[in-house]
Undergrad: 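If you scroll down you'll find the structure; I have some questions about it.
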Amino acid sequence: MKIQIINGPNLNLLGVREPGIYGSDSFDSFLPKLRAQFPDAEIDYYQSNIEGELIDKMQKVGFSYDGIVLNAGAYTHTSVALHDCIRAIKSPVIEVHISNVHQREEFRHHSFISAACKGVICGFGLNSYTLAVEAITSQKD
Ligand code: DQA
């Protein structure tokens, strides 16, 4: 089973960026622990701050991977292009957020991508990614 994790803008700064909201672990330190929990899955990781690069990556993997875990960061709240991309590809996409966006500023309450995604997980810290991978792997069983 192949799973692609995609992180959008500013998520390269996890561990440094607003630790009170996003925690103090970097994604690089979290990823080996996540992989160890799913030894039967191949979990690839990609991060970009650029909207078009996120779309390029999703188009590349989105016809062959078993699932995509997408934290689109702030593009969640702005991007019709990401919505269209998710609809265009075949792999199921799980939208994730580290923080509970609904407890935060009003502009974070609307997602342009949720309606195109298989499901949404938010508010569990980095465990949101674990739950999303679990959702994809258990779907196949
Ligand atoms: C985020 C929430 C977004 O509103 C924000 O722009 C991010 C991170 C999260 O993981 O909680 O960059 O997607």
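If you read the sequence from its start, that first residue is 1, and numbering goes on from there. First listed ligand is number 1; within each ligand, the first listed atom is number 1.
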Undergrad: Is it true that Tyr45 and Asp28 share a donor-acceptor pair across their side chains at a distance under 3.5 Å?
TA: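 Asp28 vs Tyr45: no donor-acceptor pair found between side chains.
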Undergrad: Is it the case that the side chains of Thr76 and Glu95 hold a donor-acceptor pair, with the cut-off being a distance below 3.5 Å and no angle test?
TA: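 Note: Glu95 and Thr76 side chains miss the donor-acceptor criterion.
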Undergrad: Specify the closest pair of heavy atoms between Asn49 and Gly8, including all atoms of both residues, with the distance to one decimal.
TA: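 Heavy atoms of Asn49 and Gly8 come nearest at OD1-O, 4.2 Å.
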Undergrad: Pairwise, report which nitrogen or oxygen atoms of ligand 1 are under 3.5 angstrom from protein nitrogen or oxygen atoms, and how far apart they are.
TA:
{"residue": "ligand 1", "atom": "4 (O)", "partner": "His77", "partner atom": "NE2", "Å": "2.7"}
{"residue": "ligand 1", "atom": "4 (O)", "partner": "Arg108", "partner atom": "NH1", "Å": "2.9"}
{"residue": "ligand 1", "atom": "6 (O)", "partner": "Ala74", "partner atom": "N", "Å": "3.2"}
{"residue": "ligand 1", "atom": "6 (O)", "partner": "Arg108", "partner atom": "NH1", "Å": "3.1"}
{"residue": "ligand 1", "atom": "10 (O)", "partner": "Asn71", "partner atom": "ND2", "Å": "2.8"}
{"residue": "ligand 1", "atom": "10 (O)", "partner": "Ile98", "partner atom": "N", "Å": "2.8"}
{"residue": "ligand 1", "atom": "11 (O)", "partner": "Ile98", "partner atom": "N", "Å": "3.2"}
{"residue": "ligand 1", "atom": "11 (O)", "partner": "Ser99", "partner atom": "N", "Å": "2.9"}
{"residue": "ligand 1", "atom": "11 (O)", "partner": "Ser99", "partner atom": "OG", "Å": "2.6"}
{"residue": "ligand 1", "atom": "12 (O)", "partner": "Arg17", "partner atom": "NH1", "Å": "3.1"}
{"residue": "ligand 1", "atom": "12 (O)", "partner": "Arg17", "partner atom": "NH2", "Å": "3.0"}
{"residue": "ligand 1", "atom": "13 (O)", "partner": "Asn71", "partner atom": "OD1", "Å": "2.8"}
{"residue": "ligand 1", "atom": "13 (O)", "partner": "His97", "partner atom": "ND1", "Å": "2.8"}

Undergrad: Could you check whether the rings of His77 and Phe107 sit parallel, tilted or perpendicular, using 30° and 60° as the cut-offs?
TA: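 Answer is perpendicular, since the angle exceeds 60°.
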Undergrad: Tell me, please, which residues at least two apart from Gln4 pass side-chain hydrogen bond (donor to acceptor under 3.5 Å, both in side chains).
TA: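 Expected list: none.
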Undergrad: Between Tyr129 and Asn7, does any side-chain donor sit less than 3.5 Å from a side-chain acceptor?
TA: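 Side-chain D/A pair, Tyr129 to Asn7: present.
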